[in-house]
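Below is one structure, written out as structure tokens, with a few remarks after it.
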Number of protein chains: 2
Amino acid sequence: MPTHYQGTTEEILALDAFIKLNRSVIAVQGRLLPALQREFGLTESQIAVLEALKHLGPLQQGELCQKILRSGSNVTTVVDNLERDGLVQRSRDESDRRIQVVNLTEKGRELVDRALPVHVGRITDTMAALEPEEQRELGRLCRKLGRAGESK
Amino acid sequence: MPTHYQGTTEEILALDAFIKLNRSVIAVQGRLLPALQREFGLTESQIAVLEALKHLGPLQQGELCQKILRSGSNVTTVVDNLERDGLVQRSRDESDRRIQVVNLTEKGRELVDRALPVHVGRITDTMAALEPEEQRELGRLCRKLGRAGESK
DNA sequence: ATCGAATGTTTCGATGTCGAAATATATGGA
DNA sequence: TCCATATATTTCGACATCGAAACATTCGAT
């Protein structure tokens with residue numbers, strides 16, 4: 001699994017870490033998402049929205065963008081599909097009619113209450129490949145990397 | 001940026017690391033991919049294919065699946081678009097006509113030769129948020145995590 | 001009070017992504 | 001030789017994803 005790329009030592013080190021970072025996410029999600037789809041009919045984005053609503057209550061779509069780190073147009077699509085499936089409900093904010101407030105339906109709440117513990121259990125099992133101290137260190141490094149150039 | 005999820009200590013630790021891992025990839029790619037698209041008109045999958053062909057020579061589509069970690073149907077789509085843009089060329093293997101061999105065109109080689117150094121430079125800059133020793137450790141942890149349950 | 005700028009959302013067109021089914025070809029055994 | 005099975009790719013339908021443009025609404029300055 002070498003890098004193949006001819007470059008400086010610095011570039012090879014960076015590229016190697018970058019590739020392993022990306023592959024680890026693909027590998028981990030590849031183990032989680034098919035099960036989530038099969039058992040609960042949910043995609044990654046869908047459970048992210050449902051989880052945010054469960055823990056934070058009704059949210060504006062713009063707030064959902066922040067939470068799930070996706071574009072506005074994407075949130076429109078994901079919420080469209082959740083609404084079609086009866087898991088969430090949109091309502092216009094009365095004091096500012098530009099705003100769509102998204103909330104869980106009873107069906108949505110029931111589903112996320114069932115799915116989330118199972119999903120978190122699988123995440124925990126997967127992450128258990130690393131010792132607790134390694135998980136902490138991975139978290140620290142990822143946080144540092146993600147934060148860098150955040151203000152841009 | 002806490003987890004909100006109510007669970008065991010083990011679950012909270014795992015979920016926290018998992019979330020930071022995912023977010024770091026989104027953040028890093030969010031800095032790299034718009035520039036790649038703007039300057040060279042390439043997506044992540046497209047440059048992954050071009051890079052594999054540059055370093056490994058002509059490949060069967062099935063081999064490309066392995067290299068870029070995507071499904072067969074996805075590789076068909078990505079190669080379709082690259083072929084339409086004149087960057088790669090397909091040819092049937094004469095001894096086994098099921099196989100499509102994909103190769104760079106001159107235009108494709110010229111583009112990847114131009115784009116790759118710039119892209120790798122940006123990756124290097126981004127990863128420079130971590131010290132060299134931290135990059136090595138991140139690589140080690142991601143590799144360990146990605147490898148777990150690999151055989152399955 | 002009005003109008004232009006700002007803000008929140010949707011639409012549109014393109015690409016990526018998957019799994020299942022369909023298609024094309026090859027291979028091995030009867 | 002012929003056919004069942006295996007392998008490589010494509011097709012299909014669904015969802016995700018983005019950025020730009022359109023749309024709706026609010027807000028501020030005049």
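Because only heavy atoms are used, hydrogens play no part in the values below, and waters and symmetry mates are left out as well, while side chains stay in. Letters A, B, ... mirror the listed sequences (proteins, then strands); counts begin at 1.
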Got a list of side-chain donor-acceptor pairs under 3.5 Å for residues 107-117 of chain B, not counting sequence neighbours?
residue	atom	partner	partner atom	Å
B:Lys107	NZ	B:Asp85	O	3.0
B:Glu110	OE2	B:Arg114	NE	2.9
B:Asp113	OD1	B:Lys54	NZ	2.6

> Tell me: CD of B:Gln37 to P of D:dT17, nearest whole Å?
Replying inline: 17 Å

> Looking at DNA chain C, which of residues 93-107 of chain A put a heavy atom within less than 4.0 Å of it?
Replying inline: A:Arg98, A:Ile99, A:Gln100

>> I need the residues from residues 64-75 of chain A with at least one non-hydrogen atom less than 4.0 Å from DNA chain D; give them sorted by number, or say none.
In response: A:Arg70, A:Ser71, A:Ser73, A:Asn74

> At under 4.0 Å between heavy atoms, what does B:Arg38 touch on the DNA or RNA strands: base, sugar-phosphate, or nothing?
Replying inline: nothing

> If you walk 5' to 3' along DNA chain C, what is the first nucleotide with an atom under 4.0 Å of a heavy atom in chain B, and what is the last?
Replying inline: C:dT15 to C:dA26

> When you measure from the side chain of B:Ser24 to the backbone N and O of A:Leu145, does any donor-acceptor pair fall under 3.5 Å?
Replying inline: no

> What's the CZ-P distance between A:Arg92 and D:dT25, to the nearest Å?
Replying inline: 7 Å

>> My understanding is that only residues two or more places apart in sequence, or in another chain, count here; which of them pass side-chain hydrogen bond (donor to acceptor under 3.5 Å, both in side chains) with B:Asp125?
In response: none

> What is the distance from CD of B:Gln29 to C1' of D:dT17, rounded to the nearest Å?
Replying inline: 13 Å

> So which pairs with a foot in residues 61-72 of chain A pass salt bridge (charged side-chain N to carboxylate O under 4.0 Å, His left out), sequence neighbours left out?
Replying inline: none

> Does any pair with a residue in residues 40-49 of chain B pass salt bridge (charged side-chain N to carboxylate O under 4.0 Å, His left out), and if so which ones, sequence neighbours excluded?
Replying inline: none

>> Using whole Å, what does the distance between atom P of nucleotide D:dT17 and atom CG of B:Leu32 come to?
In response: 18 Å

> Quick one: on DNA chain D, does A:Asn81 or B:Thr76 contact a more 5' nucleotide (nearest heavy atom)?
Replying inline: B:Thr76

> For A:Arg140, what residues pass the salt bridge (charged side-chain N to carboxylate O under 4.0 Å, His left out) criterion, not counting sequence neighbours?
Replying inline: A:Glu137, B:Glu134

> With sequence neighbours left out, what residues match A:Arg97 under salt bridge (charged side-chain N to carboxylate O under 4.0 Å, His left out)?
Replying inline: A:Glu94

> Rounded to whole angstroms, how far apart are CD on B:Glu44 and C1' on D:dA16?
Replying inline: 14 Å

>> B:Glu83: which residues meet the salt bridge (charged side-chain N to carboxylate O under 4.0 Å, His left out) condition with it, sequence neighbours left out?
In response: B:Arg90

>> Determine whether a donor-acceptor pair (N or O, by modelled atom type, separation under 3.5 Å) exists between the side chain of A:Gln135 and the backbone of A:Leu130.
In response: yes

>> Rounding to an integer number of Å, can you tell me how far B:Arg90 CZ sits from D:dT9 C1'?
In response: 9 Å

>> I need the CD-P distance between B:Glu63 and D:dT7, as an integer number of Å.
In response: 16 Å

>> By nearest heavy atom, map B:Thr43 and A:Pro34 onto DNA chain C; which one lands nearer the 5' end?
In response: B:Thr43

> Is there side-chain contact between B:Gln37 and B:Leu33, with heavy atoms separated by less than 4.5 Å?
Replying inline: no

>> Check this one for me: any side-chain N or O of A:Gln46 less than 4.0 Å away from OP1 or OP2 of D:dA16?
In response: yes

>> Whole angstroms only, please: what is the CD-P distance between A:Gln61 and D:dT25?
In response: 15 Å

>> My understanding is that only residues two or more places apart in sequence, or in another chain, count here; which of them pass salt bridge (charged side-chain N to carboxylate O under 4.0 Å, His left out) with B:Arg122?
In response: B:Glu39

> Got a sec, which residues hit side-chain hydrogen bond (donor to acceptor under 3.5 Å, both in side chains) with A:Ser95, two or more places apart in sequence or on another chain?
Replying inline: A:Asp93

